[in-house]
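Treat the numbers as computed from the prediction; the structure is a model and nothing was measured.
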Amino acid sequence: MKKAGLFAKITILVLVLFVPGFLYYLLVSQGKNRYHSLRILGPKQITKTTHRIKGKDIPDTIYHTLPDFKLTDQDGAPVSLKTFDGKIFIAGFFYTNCPSVCTLMNNDVKQLVANYATSKMVYFVSITVDPARDSVKALKSYADSFKPASSRWLFLTGDTSTIYNLARKGFLVDALQTGKDDFIYSDKLMLIDEEKRVRGYYTGASTADVNKLNDEIKVLLSEEILKHDTPLY
């Protein structure tokens, strides 16, 4: 009976991980344009060089990408853009003394973390906008309170110039301090692909948006599977 139960769990896991990619393949190869890839967001530059697709010269495009950064996670480990090489990740901003919205937002992230706990391809990043109070120790206590299903949920702190510049120039959202206990920052979750490009914005406290993000994580994973032509799970 134990073996049967284990087999059933493995079967369900395989279906959860494989079906999105398989459906993506069917839609792309047989669906006759019924599938639309996720957009690449942010400023872009059309270059003078081209590449050929189906005998046509297509102008090359340089898309906006995140700048490198150096921050520290809740375990005191350094985190930079290189940490996410070969990965996709979902990022958002918060602070531990936030009255209510941050808790709602991070509870939604907690569920997403559980959904992708078995995928080494997916990371989640929560960046404090209040690093003066949100030390490594404070972030560790805050992170532990959510009892995350995966260690791939990173809570990051650092200096304000790095964090605020990363928000504005990297993720293209607001993040600044306007008073002792007052902060203006985006409530969006951002989906970032392997090439460090923004592929989607989602309101973190909106159930509909978080459900959409959950679906589009699968779409992006499927795109990466096809790009590498090898399983990434």
Subject >> Main-chain N/O of Tyr116 paired with Ser119 side-chain donor or acceptor, under 3.5 Å >> reply: no

**OP:** Specify the closest pair of heavy atoms between Phe155 and Gln74, including all atoms of both residues, with the distance to one decimal.
**Re:** N-OE1, 2.8 Å

Subject >> Cluster link Leu221 to Val109, ILVMFWY, side chain under 4.5 Å >> reply: yes

Original post:
Any side-chain heavy atom of Val136 sitting closer than 4.5 Å to one from Asp73?
Top reply: no

Original post:
Should Leu213 and Asp209 be marked as a side chain to side chain contact (heavy atoms under 4.5 Å, CB included) after you check the CA-CA gap, both sets of side-chain angles, and the distance that decides it?
Top reply: CA-CA 6 Å; Leu213 170 56; Asp209 264 25; over 6 Å; no

Original post:
Any idea which heavy atoms bring Gly170 and Pro67 closest together, and the distance?
Top reply: CA-CD, 3.4 Å

Subject >> Derivation of the side chain to side chain contact (heavy atoms under 4.5 Å, CB included) call for Leu156 and Ser126 >> reply: CA-CA 6 Å; Leu156 303 184; Ser126 297; over 6 Å; no

Original post:
How close do Glu195 and Thr65 get, heavy atom to heavy atom, and via which atoms?
Top reply: O-CG2, 3.5 Å

Original post:
Got a second to check how far Ser186's OG is from Tyr201's OH, nearest 0.5 Å?
Top reply: 8.0 Å

**OP:** Identify whether the distance between the nearest side-chain nitrogen and carboxylate oxygen of Arg199 and Glu223 falls below 4.0 Å.
**Re:** yes

Original post:
Which pair of non-hydrogen atoms, one from Asp108 and one from Gly204, has the smallest distance, and what is that distance?
Top reply: OD2-O, 2.8 Å

Subject >> Short N-O contact, Lys212 and Asp215, less than 4.0 angstrom >> reply: no

Original post:
Looking just at side-chain N and O atoms, do Asn115 and Gln111 make a donor-acceptor pair shorter than 3.5 Å?
Top reply: yes

Subject >> Atom of Lys147, atom of Lys110 and distance for their closest heavy-atom approach >> reply: O-CE, 4.3 Å

Original post:
Do Glu224 and Met121 come close enough that some side-chain heavy atom pair is under 4.5 Å?
Top reply: yes

**OP:** Locate the shortest heavy-atom distance separating Gly42 from Leu172; write the atom from each residue and the value.
**Re:** CA-CD1, 3.7 Å

Subject >> Inter-residue atom distance Leu154.CG - Ile127.CD1, 0.5 Å rounding >> reply: 10.0 Å

Original post:
With side chains defined as the heavy atoms from C-beta onward, is the minimum distance between Gln177 and Tyr164 less than 4.5 Å?
Top reply: yes

Subject >> From Leu166 atom CG to Arg168 atom CZ, the distance as rounded to the nearest 0.5 Å >> reply: 10.5 Å

Subject >> Min side-chain heavy-atom separation Leu112-Phe124 under 4.5 Å >> reply: yes

Original post:
Are Val125 and Tyr185 connected in the hydrophobic side-chain network, where two residues link if heavy atoms are under 4.5 Å apart?
Top reply: yes

Subject >> Gap between atom CG of Asp159 and atom CG of Leu71 - 0.5 Å precision >> reply: 7.5 Å

Solution key, residues 84-101 side-chain donor-acceptor pairs under 3.5 Å, sequence neighbours excluded:
unit_1 : atom_1 : unit_2 : atom_2 : d
Asp85  : OD1    : Lys196 : NZ     : 3.1
Lys87  : NZ     : Lys120 : O      : 3.2
Thr96  : OG1    : Asp134 : OD1    : 2.4

Original post:
Do Lys188 and Asp174 sit within salt-bridge range, that is, some charged N less than 4.0 Å from a carboxylate O?
Top reply: no

Original post:
Do any N or O atoms from the side chain of Asp182 and from the backbone of Thr178 form a donor-acceptor pair under 3.5 angstrom?
Top reply: no

Original post:
Any chain of hydrophobic side-chain contacts (each under 4.5 Å) joining Val122 to Met190?
Top reply: no

**OP:** Determine, stepwise, if the pair Thr203 / Leu189 fulfils side chain to side chain contact (heavy atoms under 4.5 Å, CB included).
**Re:** CA-CA 6 Å; Thr203 301; Leu189 295 171; over 6 Å; no

Subject >> Nearest-0.5 Å distance, CD1 of residue Ile163 to CG of residue Leu176 >> reply: 13.0 Å

Original post:
What's the verdict on side chain to side chain contact (heavy atoms under 4.5 Å, CB included) for Thr72 and Val79, showing C-alpha distance, side-chain angles and the deciding distance?
Top reply: CA-CA 6 Å; Thr72 305; Val79 175; over 6 Å; no

**OP:** Working to the nearest 0.5 Å, report the span between NZ of Lys140 and OG of Ser145.
**Re:** 11.5 Å

Original post:
What about Trp153 and Phe146, are their ring centers closer than 6.0 Å?
Top reply: yes

**OP:** Kindly work out whether a path of hydrophobic side-chain contacts (I/L/V/M/F/W/Y, heavy atoms less than 4.5 Å apart) joins Val129 to Phe171.
**Re:** yes

Subject >> Cluster overlap Val198 with Tyr123, hydrophobic side-chain contacts below 4.5 Å >> reply: yes

